[in-house]
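All remarks here apply to the structure that follows.
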2 protein chains.
Amino acid sequence: MTTPALIDPQTQTCCSSLVHVPLGARQADDLSHRLKALADPTRLRLLSMIGARQGGEACVCDLTEPLDLSQPTISHHLKVLREAGLVTSRRRGTWVHYALVPEALERISAALAVTEHR
Amino acid sequence: MTTPALIDPQTQTCCSSLVHVPLGARQADDLSHRLKALADPTRLRLLSMIGARQGGEACVCDLTEPLDLSQPTISHHLKVLREAGLVTSRRRGTWVHYALVPEALERISAALAVTEHR
DNA sequence: TCTCTGGATCGACGATGGTCGATATACGCG
DNA sequence: CGCGTATATCGACCATCGTCGATCCAGAGA
């Protein structure tokens, strides 16, 4: 496969906005699940710190220190982000590097947009 | 003032994406608060049903029936959306009509977008 | 193999959130 | 004013979430 199954053709008609056609229960559950992953200040900052990093990657040690939270807590948040498809993790020797999945963020952004972009 | 204070110049540099510059604590709290209001399937469907309505308005009675939830629950969700600035309410005789605030959704969408739009 | 370090998992605890029934409030109409 | 209807608020209950310390697992190097 070229890309992981970011879009389920069964539940997701396309990437159109929710404000134009009423959302079904399935689609609402799916979108809310991804939004829940996003709706936490720590996770937003994690995404932001990973994205701001040149190369687009950051290891856990880089993320733990500036946030003033325990390492298990950071690890937990990264797991939530990973399971929502918002980041990927990759082992590099002793360290684990996390990277954004830009398409995932873009999909959510498009679902919330009122006016059509691009 | 021409527009309500949707953007706080103190905490919000502009409407740029979170993935380009690391988010501060204030900004992360602010954005996560708005995302929490969005991160519920019932509220997403409410927004969607209001937006899909021609005229952009819907009264509570229109929203309660199709969702198979009690009227107090719907009222609670609408309050959450209103306090997050995502909808406005307006009394019309006996009924209360809710309408979207497109700029609010657009702002959140822009904050999540990776690529710059428009 | 032993040890050290980075990260993940576990179990527990307090806080927050979604839902309901009961009740209160607002409006229109006799 | 009194009644009926449309919404909002209240109080309670159960589920989910964010956080922690303790512990476990994986890789690197001696």
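In what follows, every chain begins at residue 1, and chains take the letters A, B, ... in the order their sequences are listed.
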What's the shortest heavy-atom distance between [X] and [Y], and which atoms?
X	Y	result
Arg45(B)	Leu23(A)	NE-O, 3.1 Å
Leu63(A)	Ala58(A)	CD2-CB, 4.0 Å
Leu100(A)	Ile50(A)	N-CG2, 3.8 Å

Check: Under 3.5 Å, side chain of Ser109(A) to main-chain N/O of Ala111(B), donor-acceptor pair present?
Finding: no
Check: Would you say the side-chain atoms of Ser32(A) pair up with the backbone N or O of Ala39(B), donor to acceptor, closer than 3.5 Å?
Finding: no
Whole Å only: how far is the [atom1] atom of [X] from the [atom2] atom of [N]?
X	N	atom1	atom2	result
Arg92(A)	dG7(C)	CZ	P	13 Å
Leu78(B)	dT19(C)	CG	P	12 Å
Arg91(B)	dT25(C)	CZ	P	14 Å
Arg82(A)	dA8(C)	CZ	C1'	9 Å
Arg43(B)	dG18(C)	CZ	C1'	8 Å
His97(A)	dA8(C)	NE2	P	12 Å
Lys79(A)	dC10(C)	NZ	C1'	10 Å
His33(B)	dT16(C)	NE2	P	12 Å

Check: Any ion pair linking Asp30(A) and Arg34(A) (charged N to carboxylate O, less than 4.0 Å)?
Finding: yes
Check whether any side-chain heavy atom of [X] sits under 4.5 Å from a side-chain heavy atom of [Y], and report yes or no.
X	Y	answer
Val96(B)	Leu78(B)	no
Val101(A)	Leu105(A)	no
Asp62(A)	Arg53(A)	yes

Notebook entry, point to check: Taking OP1 and OP2 of dC27(C), is either one under 4.0 Å from a side-chain nitrogen or oxygen of Thr94(B)?
Noted result: no
Check: Does a side-chain N or O from Tyr98(A) land closer than 4.0 Å to OP1 or OP2 of dA8(C), or not?
Finding: yes
Notebook entry, point to check: Once Watson-Crick and G-U wobble pairs under 3.5 Å are found, how is DNA chain C written in dot-bracket notation, 5' to 3', with | for any base paired to another strand?
Noted result: ||||||||||||||||||||||||||||||
Among [options], which nucleotide sits nearest the side chain of [X]?
X	options	answer
Pro72(A)	dT19(C), dA8(C), dG7(C)	dA8(C)
Lys36(B)	dT5(C), dG7(C), dG17(C)	dG17(C)
His77(B)	dG18(C), dG21(C), dT9(C)	dG18(C)

Item checked: DNA chain D: 5'-most and 3'-most nucleotides touching chain B, 4.0 angstrom heavy-atom criterion -> dA6(D) to dT9(D)
Note to self: On DNA chain D, compare the nucleotides closest to Gln71(A) and Asp40(A); which residue's is nearer the 5' end?
What the structure shows: Asp40(A)
Next item on the list: Just call it for Leu69(A): base, sugar-phosphate, or nothing, with non-hydrogen atoms closer than 4.0 Å on any strand.
Entry: sugar-phosphate
Note to self: Both Trp95(A) and Thr73(A) contact DNA chain C. Which one's nearest nucleotide lies toward the 5' end?
What the structure shows: Trp95(A)
Solution key, residues 83-91 of chain B side-chain donor-acceptor pairs under 3.5 Å, sequence neighbours excluded:
from, atom 1, to, atom 2, distance (Å)
Arg91(B), NE, Gly93(B), O, 3.3
Arg91(B), NH2, Thr94(B), O, 3.4

